[in-house]
Amino acid sequence: MTVRRLPALPGLVVLAALLAGCGIRATEVPTDYGPAPSRVRCSPAEPDVSTRAAPGVPVRVFLLCGSSLAAVDRTVRVPDGGADSERRVLVAEGLLDQLTAPPSAAENEAGYTTDVGRGITVAGPRSGDPEDTLRLGVEPGDLTSYALAQVVCTFSDSAATEGDGDDSVVLAGPADRPARRYVCTDEVRARPGSNEPPSSEVTDG
């Protein structure tokens, strides 16, 4: 009996084609994720020229960037001489001016804003106040949580306070109410919109 054999060549060709189709080819992986950020938010590339050139005492003020507070370098003019209490008020006035001023072009581009409105005044203590009290022209409690955080953190980090290193400032408003000590905490700096500066009444004059 003779067994006929079918030609194997066509079948082998088909099988080879199928096997080749199941293989993994080396392909180019696309890596185009768009242009790199031109600027890191809240970090100006360099200090503003007008800030660097301005004469005065170097200070830091806390502006808003996103949902947090961020410190920027500024200067305030404080005349030489005078009592410490007078000097603290002058520094506080200069800091308020900086907080209410619009951010510079570089700061604005980096995302900085301020919630402290214009026209806020500051004065020294009244009779019976603690000697380091700063009385604002508005009640601290009437400020937005953002503005209050800016004021507290800026004042407590400056020569406007006694400088005891506890990140606090004694504030009061125009009414005859006891002064309160406000503290700038890490939580306040991180989320000023949901964390108002903790405060406690100060009664010792």
Side-chain angles (χ1 to χ4, degrees), residues 56-65 67-101 103 112-205:
V57 178
V59 295
R60 294 198 314 166
V61 299
F62 283 85
L63 300 181
L64 297 170
C65 197
S67 60
S68 304
L69 294 184
V72 298
D73 295 327
R74 297 283 179 82
T75 58
V76 297
R77 291 191 176 187
V78 180
D80 295 332
D84 288 344
S85 58
E86 295 176 355
R87 185 177 179 84
R88 285 198 299 271
V89 173
L90 291 174
V91 171
E93 289 176 345
L95 292 172
L96 275 179
D97 288 342
Q98 293 297 327
L99 287 173
T100 59
Y112 289 95
T113 60
T114 183
D115 208 46
V116 183
R118 290 184 176 275
I120 299 178
T121 59
V122 62
R126 295 176 182 171
S127 177
D129 286 341
E131 64 178 3
D132 55 345
T133 300
L134 293 171
R135 282 195 171 267
L136 302 177
V138 297
E139 292 295 333
D142 290 341
L143 297 172
T144 67
S145 60
Y146 293 103
L148 181 59
Q150 285 185 258
V151 171
V152 169
C153 291
T154 297
F155 281 4
S156 66
D157 189 49
S158 73
T161 64
E162 290 288 349
D164 52 9
D166 62 355
D167 290 329
S168 69
V169 59
V170 179
L171 296 177
D176 291 327
R177 297 176 183 172
R180 300 185 68 85
R181 182 174 295 277
Y182 293 82
V183 183
C184 176
T185 64
D186 292 339
E187 292 76 16
V188 170
R189 285 187 287 265
R191 303 192 69 83
S194 55
N195 294 287
E196 287 195 357
S199 66
S200 57
E201 186 174 315
V202 182
T203 56
D204 55 321

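Numbers here simply count residues along the sequence, with the first being 1. Side chains are part of it too, since the values below use all heavy atoms of this structure and drop only hydrogens, waters and symmetry mates.
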Determine the minimum heavy-atom distance between [X] and [Y], stating which atoms define it.
X      : Y      : result
Pro174 : Gly137 : CG-O, 3.7 Å
Ser156 : Asp167 : CB-C, 3.5 Å
Gln98  : Thr75  : NE2-O, 3.4 Å
Ser68  : Pro192 : CA-CD, 3.9 Å
Cys65  : Ala70  : CB-CB, 4.4 Å
Arg88  : Ala160 : CD-O, 3.2 Å

Leu148 backbone acceptor or donor facing Glu196 side chain under 3.5 Å: no

Main-chain N/O of Arg191 paired to Asn195 side chain as donor or acceptor, under 3.5 Å: yes

State the CG-CZ distance between Asp132 and Arg181, to the nearest 0.5 angstrom.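 Here the interatomic distance stands at 5.5 Å.
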
When rounded to the nearest 0.5 angstrom, what distance separates CZ in Arg177 from CG in Asp129?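 The CG atom of Asp129 is 13.5 Å from CZ of Arg177, to the nearest 0.5 Å.
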
Does the side chain of [Y] come within less than 4.5 Å of [X]'s, by heavy atoms?
X      : Y      : value
Leu134 : Val169 : yes
Leu99  : Thr154 : yes
Leu63  : Arg74  : yes
Val188 : Pro198 : yes
Val122 : Leu95  : no
Leu69  : Leu64  : yes
Phe62  : Val152 : no
Asp176 : Arg126 : yes

For Val151 and Ile120: C-alpha separation, side-chain torsions, deciding distance, then whether side-chain contact (heavy atoms from CB on, under 4.5 Å) applies. CA-CA 11 Å; Val151 171; Ile120 299 178; 5.8 Å; no

Ionic contact status for Asp97 with Arg77, cut-off 4.0 Å: no

Determine, step by step, whether Leu143 and Leu136 satisfy the side-chain contact (heavy atoms from CB on, under 4.5 Å) criterion, reporting the C-alpha distance in whole Å, the side-chain angles of both residues, the deciding distance to 0.1 Å, and the verdict. CA-CA 11 Å; Leu143 297 172; Leu136 302 177; 4.3 Å; yes

Mind checking side-chain contact (heavy atoms from CB on, under 4.5 Å) for Thr144 and listing every partner two or more places apart, or none if nothing turns up?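 side-chain contact (heavy atoms from CB on, under 4.5 Å) check on Thr144 returns Asp115, Tyr146, Ala147.
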
side-chain contact (heavy atoms from CB on, under 4.5 Å) against Ala172, all qualifying residues, sequence neighbours excluded: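 Ala172 satisfies side-chain contact (heavy atoms from CB on, under 4.5 Å) with Thr133, Arg135, Ala179 once adjacent residues are dropped.
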
